[in-house]
There are 2 protein chains.
Amino acid sequence: MTTTATSFELHLGDCLTGMKQLPTSSVDLVVTSPPYNLGTSYSTYIDTLDRADYLEWTRCWAAEIRRVLKPEGSFFLNVGAAPSNPLMPHQILLALVPDLFHLQNTFHWIKSITVDTRDGDEISVGHFKPINSQRFVNDCHEFIYHLTPDGRVPLDRRAVGVAYVHKSNITRWGHTGGQDKRCRGNNWFIPYETIQRRSAERPHPATFPVSLAARCIGITGLPPSEMTMLEPFLGIGHAALAARQTGVAKFIGFEIDEQYFAEAEARLNRTNDS
Amino acid sequence: MTTTATSFELHLGDCLTGMKQLPTSSVDLVVTSPPYNLGTSYSTYIDTLDRADYLEWTRCWAAEIRRVLKPEGSFFLNVGAAPSNPLMPHQILLALVPDLFHLQNTFHWIKSITVDTRDGDEISVGHFKPINSQRFVNDCHEFIYHLTPDGRVPLDRRAVGVAYVHKSNITRWGHTGGQDKRCRGNNWFIPYETIQRRSAERPHPATFPVSLAARCIGITGLPPSEMTMLEPFLGIGHAALAARQTGVAKFIGFEIDEQYFAEAEARLNRTNDS
DNA sequence: AGAGCCGCTGAATCCTTTT
DNA sequence: CAAAAGGATTCAGCGGCTC
């Protein structure tokens with residue numbers, strides 16, 4: 001067993017009140033997925049604010065994130081659409097940009113896709129969740145907005161890079177340092193864990209995979225051992241798990257729902273033992 | 001040689017003036033990619049309107065599309081982002097929805113992506129265009145907004161469908177008709193032709209592949225032989241080529257730039273001969 | 001509200017081979 | 001030849017979301 005100087009603070013309570021007690025410019029990284037206000041059945045959260053109120057509330061907690069974020073910090077905001085409200089991801093973005101943040105990058109979380117291989121055949125990857133509709137196609141996509149204070153935050157693209165297709169590129173340019181890694185681009189294929197495994201373990205209806213948060217941590221290029229990470233909507237703690245896995249020094253999370261909070265704590269403790 | 005009762009009208013001139021002469025509710029399908037006003041070096045188009053003017057102009061031509069579109073017609077709007085203006089796709093959308101159109105579906109044109117196969121290994125597909133930046137990752141994505149008058153236009157999802165992963169599904173339900181086809185979802189992987197081939201042939205800086213337009217034609221489920229299709233920003237005529245290939249009965253295109261117009265005509269004629 | 005959809009699983013069934 | 005073991009195929013059912 002290794003001992004690391006890490007601190008994980010999980011707070012049961014409203015993130016808006018909680019964040020107000022954090023010092024200005026103290027956080028390197030925020031990864032979060034807010035309640036969508038789309039009728040998704042959250043446990044206790046009052047999920048029925050009307051549109052304008054919802055966007056106003058969004059601006060409120062985002063403004064707190066802006067305050068606690070360091071000038072070179074990054075805020076990864078995960079937002080998906082819903083058939084009942086396909087505009088929400090766009091409206092949320094324009095509620096925050098350009099007033100509070102710059103949109104430095106837009107990542108696309110691809111859950112399922114069919115691609116043509118170089119051999120010429122089509123392969124489907126990821127879990128395809130069917131919907132029965134004459135007019136809607138299945139939505140296999142969510143946004144990950146990369147928001148920063150000035151739009152000029154340096155990243156380490158190759159930290160979450162992929163192998164070159166043509167290996168000649170490894171020695172072709174100096175920046176590779178001999179490693180077979182190039183930038184991954186902004187399409188992030190991250191399949192869901194299978195339904196059965198999910199339902200057995202967790203009750204949260206809208207959550208992102210641990211590996212998605214891990215990728216956000218990685219691309220910042222900051223050493224996790226010196227990183228302070230914040231998750232205002234902890235949910236069942238996937239950002240916390242990613243922080244633990246990658247060795248993030250300080251993690252602060254808020255969750256207003258008791259059930260989710262308990263689940264997040266349980267999962268984090270489970271990881272501690274293993 | 002087969003004779004088909006098709007009519008292809010390519011007009012040299014401004015689409016706004018041109019569309020005003022089209023009858024109301026006469027068009028089944030619009031597929032277009034507007035000038036982005038992002039500093040892309042279009043030949044003669046005055047590409048320096050300021051933001052508000054650009055969006056106002058966008059509303060103008062979109063309103064004409066709304067007028068000429070049939071109640072069950074579809075408008076596929078292709079918009080990409082640019083590092084210099086990452087908000088544009090979102091602003092354009094919210095300039096048109098909900099005032100003029102419903103956003104019925106959002107398709108994502110994926111040009112390049114790295115996926116994990118079911119075998120466990122990572123493969124990269126599509127042409128990856130490198131950019132040299134500390135803060136921006138490569139953008140391998142564009143939006144295709146599916147806009148309709150009322151959001152209730154029926155589609156034929158399986159017309160552009162993909163094969164089942166588990167073949168047991170073919171006979172499991174009646175709707176397949178024995179065919180190995182399911183809905184493709186909203187992530188459309190369509191790789192670019194290679195740069196070399198592009199630059200050799202065509203001068204247009206921002207255009208979508210023929211196969212992208214073909215997919216839009218296909219998913220409407222309308223018989224091409226009875227379809228009227230409109231492309232207000234013809235460019236070098238990729239929508240026209242797709243219309244020709246799929247047998248669209250009537251195609252109307254506008255292009256204000258003489259060079260692009262000539263190129264579009266040349267390409268269409270070339271296809272005629274073959 | 002009730003049916004439909006599709007990846008995925010695990011149990012059940014069927015066919016083959018070994019003892 | 002019967003019985004057991006091993007392998008392959010089939011099939012119901014889950015889950016989430018829409019009409």
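Basis for what follows: all heavy atoms, side chains included, without hydrogens, waters or symmetry-related copies. Letters go in sequence order (proteins before strands), and every chain restarts at 1.
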Using only side-chain N and O atoms of [X], determine if any of them is under 4.0 Å from OP1 or OP2 of [N].
X	N	result
Arg172(B)	dT10(D)	no
Asn169(B)	dC5(C)	no
His175(B)	dC5(C)	yes
His166(B)	dC6(C)	no
Arg135(A)	dC19(D)	yes
Ser168(B)	dT10(D)	no
Arg157(B)	dC5(C)	no

Exercise for review: Report yes if some heavy atom in the side chain of His108(B) is under 4.5 Å from a heavy atom in the side chain of Asn186(B); otherwise report no.
Suggested key: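 They are in side-chain contact.
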Is it true that [Y] and [X] share a donor-acceptor pair across their side chains at a distance under 3.5 Å?
X	Y	result
His238(A)	Arg267(A)	yes
Thr106(B)	His146(B)	no
Glu231(A)	Thr32(A)	yes

Review point. Just checking Arg118(B): base, sugar-phosphate only, or nothing, at a heavy-atom cut-off of under 4.0 Å?
Key: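 Here Arg118(B) touches the backbone only, sparing every base.
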Review point. Checking Arg182(B) against Phe128(A): charged group under 6.0 Å from the ring centre and within 45 degrees of the axis?
Key: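 Pair Arg182(B)/Phe128(A) counts as cation-pi.
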Polar pairs (N or O, both sides) under 3.5 Å between protein and nucleotides 11-14 of chain C?
none

Practice item. By nearest nucleotide on DNA chain D, pick out whichever of Phe136(A) and Pro130(A) is the more 5' one. Key: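 The residue whose closest nucleotide sits nearer the 5' end is Pro130(A).
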Review point. Taking for each residue the nucleotide of DNA chain D with the nearest heavy atom, is it Ile131(A) or Phe128(A) whose nucleotide lies nearer the 5' end?
Key: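 On the 5' side of the pair lies Phe128(A).
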Whole-Å distance between [N] [atom2] and [X] [atom1]?
X	N	atom1	atom2	answer
Asn138(A)	dT18(D)	CG	P	10 Å
Arg182(B)	dC17(D)	CZ	C1'	16 Å
Asn186(B)	dC17(D)	CG	C1'	14 Å

Check your understanding: Once you build an axis from the first five pairs and another from the last five of the helix from dG2(C)-dC19(D) to dT19(C)-dA2(D), how far apart in angle are they, to 10 degrees?
Key ->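 Taking five pairs per end, the axes differ by 40°.
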Point to revise | SB check Lys250(B) Glu226(B) (cutoff 4.0 Å) | key: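 Salt bridge absent between Lys250(B) and Glu226(B).
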Check your understanding: Which of these, Tyr145(A), Phe101(A), Phe143(A), sits in a side-chain contact (heavy atoms from CB on, under 4.5 Å) with Leu93(A)?
Key ->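 Output: one option passes, namely Tyr145(A).
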Practice item. Measure centre to centre between the rings of Phe189(A) and Trp109(A), then say whether the value is under 6.0 Å. Key: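 Between Phe189(A) and Trp109(A), the centre distance exceeds or equals 6.0 Å.
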Point to revise | Close aromatic pair by centroid cut-off 6.0 Å: His127(B) and Tyr192(B) | key: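 They do not qualify: ring centres at least 6.0 Å apart.
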